[in-house]
Novice: 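If you scroll down you'll find the structure; I have some questions about it.
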There are 2 protein chains.
Amino acid sequence: MPPAAAFETNATKARPRGRPRKSQEERDDGNRRQALLRAAAKLFRRKGFAATTTRDIASAADMRSGSPFYHFKSKSALLYAVMEEGMTNALERQHEVLLHPDYAKLPPQDQLRQLIGVHFDVLLGPGNDFVPVMLYEWRSLTAIQRKAMRQLVQNYEGLWLPVLQALHDCEFLVAPVGIARLLLLGALNWSVQWYDPRKDASLNDLSDAAIQLFIKAQ
Amino acid sequence: MPPAAAFETNATKARPRGRPRKSQEERDDGNRRQALLRAAAKLFRRKGFAATTTRDIASAADMRSGSPFYHFKSKSALLYAVMEEGMTNALERQHEVLLHPDYAKLPPQDQLRQLIGVHFDVLLGPGNDFVPVMLYEWRSLTAIQRKAMRQLVQNYEGLWLPVLQALHDCEFLVAPVGIARLLLLGALNWSVQWYDPRKDASLNDLSDAAIQLFIKAQ
DNA sequence: CCTACCGATCGGTAGG
DNA sequence: CCTACCGATCGGTAGG
């Protein structure tokens with residue numbers, strides 16, 4: 001069995017193309033899968049993977065208990081799909097930053113500030129439950145899923161190294177680059193546990209504070 | 001029903017004092033409860049609370065499936081007991097540091113270094129599964145347990161404020177003290193996710209790197 | 001995508 | 001602390 005089979009969804013081999021929904025308003029199909037993903041992300045984040053039932057998810061997506069398995073072959077495949085969606089989006093958003101024509105002209109501390117801003121938004125922005133699930137549900141992945149996800153995460157973490165190295169070179173960062181990256185991303189990722197948009201500072205102020213804390217310059 | 005009832009263990013009202021074990025070697029009783037706590041901490045950390053069965057725990061403590069409920073009234077009470085044990089120990093260890101006669105004479109960056117060192121040890125030291133469970137299983141607590149645990153955590157976090165304020169006063173820390181504490185503790189807490197004693201730096205080197213990263217001085 | 005269902009497992013308990 | 005057990009729930013499936 002090829003590794004990819006572990007993440008297969010039934011929808012790929014049996015998409016009901018061209019069959020219109022019978023509901024009062026004709027919505028485009030295929031958004032049902034998205035609805036499941038969104039519902040799952042929200043519930044996995046709030047209650048955790050093991051404590052969320054497929055019935056919870058079905059209900060949140062306005063389906064009956066058996067229906068999620070029409071779109072995903074297992075609860076586990078649904079978890080993986082949530083995480084993959086989150087990481088793909090996060091990578092895209094950071095690539096937009098890195099490839100922007102002005103980015104290269106910025107001093108490294110401003111480059112880092114941009115990465116941090118996007119990272120906070122991916123973690124804490126409204127409706128962004130996908131990456132938090134990825135961060136906190138590693139344990140629930142199968143070994144083979146974990147291996148595939150590690151690839152995506154390593155790509156993402158790798159994006160941070162050049163700017164951290166540049167900061168190290170001009171002594172705005174003294175700690176070893178590798179450990180600094182682990183501690184820095186940890187500080188950001190942990191915000192998922194405490195950040196409350198109604199009480200805490202804005203994501204911009206948060207990003208500024210992070211720069212102040214980590215970088216030896218103003 | 002008084003709040004404390006939620007955390008009650010059966011052992012307190014029915015400790016089999018004076019009744020010797022029937023096994024070949026007479027071990028002191030009461031260590032059975034500790035064995036359960038340790039087994040639960042280890043399993044909760046590795047698999048998560050919801051994915052761990054009380055049968056897993058019983059088996060790891062060399063008991064049969066029903067026996068954990070002789071010592072703890074519910075799986076949930078067992079989780080709370082694990083967390084409480086972890087936080088009590090962490091608070092004790094930090095108090096030892098703070099009350100040491102030499103501590104007050106240290107410059108603030110060295111004071112912080114000491115707190116960080118103990119924190120890493122509480123999180124990453126061998127067999128220290130209790131605090132990691134506390135950090136990553138908040139969701140699994142009942143509302144009433146969460147409230148009680150929040151008290152302990154606030155006590156612990158409060159220990160860090162004076163030294164952070166001192167560092168802020170001498171401009172070794174520029175970020176707002178409140179946010180700095182959240183980010184700093186997040187960086188440390190996240191280490192639970194990646195630290196591998198066989199591959200990564202020693203806890204001492206880790207602590208040094210953290211000081212380098214967070215403090216604007218050497 | 002729904003209905004109806006199965007087999008397995010799980011937290012917890014009675015009674016000793 | 002064990003034995004034997006219960007009621008509920010859960011992931012998943014057949015058949016339409």
Side-chain angles (χ1 to χ4, degrees), chain A residues 6 8-24 26-37 39-40 43-44 47-80 140 142, chain B residues 6 8-24 26-37 39-40 43-44 47-80 140 142:
Chain A
E8 231 174 61
T9 67
N10 297 327
T12 46
K13 60 180 174 187
R15 193 79 71 80
R17 269 274 176 255
R19 176 165 65 86
R21 301 290 309 291
K22 295 179 273 286
S23 60
Q24 67 290 15
E26 47 179 8
R27 10 182 97 192
D28 58 322
D29 214 23
N31 72 344
R32 303 281 61 210
R33 188 178 185 274
Q34 269 296 318
L36 278 172
L37 275 178
L43 288 164
F44 287 161
K47 312 188 359 174
F49 173 74
T52 301
T53 69
T54 55
R55 284 165 170 81
D56 289 338
I57 298 167
S59 173
D62 209 32
M63 296 177 187
R64 301 311 176 86
S65 66
S67 302
F69 298 97
Y70 170 75
H71 294 279
F72 298 92
K73 69 180 302 198
S74 68
K75 187 188 179 189
S76 179
L78 183 45
L79 173 65
Y80 185 85
S140 305
T142 66
Chain B
E8 231 175 61
T9 66
N10 297 328
T12 45
K13 60 180 172 187
R15 192 81 69 83
R17 268 274 174 257
R19 175 165 65 87
R21 300 291 310 290
K22 295 179 274 283
S23 59
Q24 66 290 15
E26 47 179 9
R27 12 182 96 193
D28 58 323
D29 216 23
N31 73 343
R32 303 280 62 209
R33 188 177 185 275
Q34 270 296 318
L36 277 173
L37 276 179
L43 288 165
F44 288 161
K47 312 186 6 172
F49 173 74
T52 301
T53 70
T54 55
R55 284 166 170 81
D56 289 338
I57 298 167
S59 173
D62 209 33
M63 296 176 186
R64 302 309 175 86
S65 66
S67 302
F69 298 97
Y70 169 74
H71 295 278
F72 298 92
K73 69 181 301 198
S74 68
K75 186 188 179 190
S76 178
L78 182 45
L79 173 64
Y80 184 85
S140 306
T142 67

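Everything quoted here is computed from the prediction, not taken from an experiment. Just so we're on the same page: letters track the sequence lines, and every chain starts at 1.
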Novice: In Å, rounded to the nearest 0.5 Å, how long is the span from NZ of K75(B) to CG of L78(B)?
Specialist: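 It is 9.0 Å, given to the nearest 0.5 Å.
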Novice: For S59(B), check side-chain hydrogen bond (donor to acceptor under 3.5 Å, both in side chains) against everything at least two apart and list the hits.
Specialist: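 For S59(B), no residue satisfies side-chain hydrogen bond (donor to acceptor under 3.5 Å, both in side chains) once neighbours in sequence are set aside.
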Novice: Residues two or more places apart in sequence or in another chain: which of them pass side chain to side chain contact (heavy atoms under 4.5 Å, CB included) with T52(A)?
Specialist: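 Partners of T52(A) under the side chain to side chain contact (heavy atoms under 4.5 Å, CB included) test: L43(A), F44(A), K47(A), D56(A), I57(A).
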Novice: For the atom pair OH (Y70(A)) and CE (M63(A)), what is the distance rounded to the nearest 0.5 Å?
Specialist: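 So the OH of Y70(A) and the CE of M63(A) are separated by 10.0 Å.
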Novice: Check whether any side-chain N or O of R32(B) sits under 4.0 Å from OP1 or OP2 of dC1(D), and answer yes or no.
Specialist: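 So the side chain of R32(B) is within the cut-off, an N or O lying under 4.0 Å from OP1 or OP2 of dC1(D).
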Novice: Pick base, sugar-phosphate or nothing for S76(A), based on heavy-atom distances below 4.0 Å to the nucleic acid.
Specialist: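 If one applies the 4.0 Å heavy-atom cut-off, S76(A) turns out to touch nothing in the nucleic acid.
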Novice: Rounding to an integer number of Å, can you tell me how far K75(A) NZ sits from dG12(D) P?
Specialist: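 Taking NZ of K75(A) and P of dG12(D), I get 8 Å after rounding.
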Novice: For R64(A), check side chain to side chain contact (heavy atoms under 4.5 Å, CB included) against everything at least two apart and list the hits.
Specialist: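 Partners of R64(A) under the side chain to side chain contact (heavy atoms under 4.5 Å, CB included) test: S67(A).
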Novice: Separation of F49(A) atom CZ from dC10(D) atom P, in whole Å?
Specialist: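 Atom-to-atom, F49(A) to dC10(D), this comes out as 13 Å.
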Novice: Whole Å only: how far is the CZ atom of F72(B) from the P atom of dC1(D)?
Specialist: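 In whole Å, dC1(D) P and F72(B) CZ are 11 Å from each other.
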Novice: So, for L36(A) and H71(A), which heavy atoms are closest and what is the spacing to 0.1 Å?
Specialist: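 Smallest heavy-atom distance, with atoms named: CD1-CD2, 3.5 Å.
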Novice: Taking side chain to side chain contact (heavy atoms under 4.5 Å, CB included) as the test, write out the residues that go with S76(B), two or more places apart.
Specialist: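 Residues passing side chain to side chain contact (heavy atoms under 4.5 Å, CB included) with S76(B): S74(B), T142(B), Q145(B).
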Novice: Mind running a 4.0 Å heavy-atom check of residues 56-66 of chain B against DNA chain D and sending the residues that fall below it, in number order?
Specialist: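 Of all residues in residues 56-66 of chain B, the ones placing a heavy atom under 4.0 Å from DNA chain D are M63(B), R64(B).
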Novice: dC1(D), dC10(D), dG12(C): which one has an atom nearest the side-chain heavy atoms of S74(B)?
Specialist: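 Between dC1(D), dC10(D), dG12(C), the one nearest the side chain of S74(B) would be dG12(C).
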Novice: Give the rounded distance in Å between these two atoms: CG of L78(A) and P of dC10(D).
Specialist: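 Between P of dC10(D) and CG of L78(A): 16 Å.
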Novice: Can you tell me the distance, in whole Å, between the CD atom of Q34(A) and the C1' atom of dC1(C)?
Specialist: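 Going from Q34(A) (CD) to dC1(C) (C1'), I get 18 Å.
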Novice: Would you find a donor on one side and an acceptor on the other, under 3.5 Å apart, between the side chain of R33(A) and the backbone of F72(A)?
Specialist: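 Such a contact is absent between R33(A) side chain and F72(A) backbone.
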Novice: Whole angstrom is fine here: how far is it from CZ in R55(B) over to P in dG12(C)?
Specialist: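 R55(B) atom CZ is separated from dG12(C) atom P by 11 Å.
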Novice: Could you check which of dG11(D), dG11(C), dC1(C) has an atom nearest any side-chain atom of T54(A)?
Specialist: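 Nucleotide nearest to T54(A)'s side chain: dG11(D).
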Novice: What are the two closest non-hydrogen atoms of S65(A) and A58(A), and how far apart are they?
Specialist: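 Heavy-atom minimum between the residues: CA-CB, 4.2 Å.
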Novice: What is the separation between atom NE2 on H71(B) and atom C1' on dG12(C), rounded to the nearest whole Å?
Specialist: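 For the pair H71(B) NE2 and dG12(C) C1', the rounded distance is 16 Å.
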Novice: Give the stems involving DNA chain C, where a stem is 3 or more consecutive Watson-Crick or G-U wobble pairs (i with j, i+1 with j-1, and so on) under 3.5 Å.
Specialist: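 Stem segments, range with range: C:1-16 with D:1-16.
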Novice: Starting from P on dG16(C), measure out to OH on Y70(B) and report it in whole angstrom.
Specialist: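 Taking atom P of dG16(C) as the reference, OH of Y70(B) is at 17 Å.
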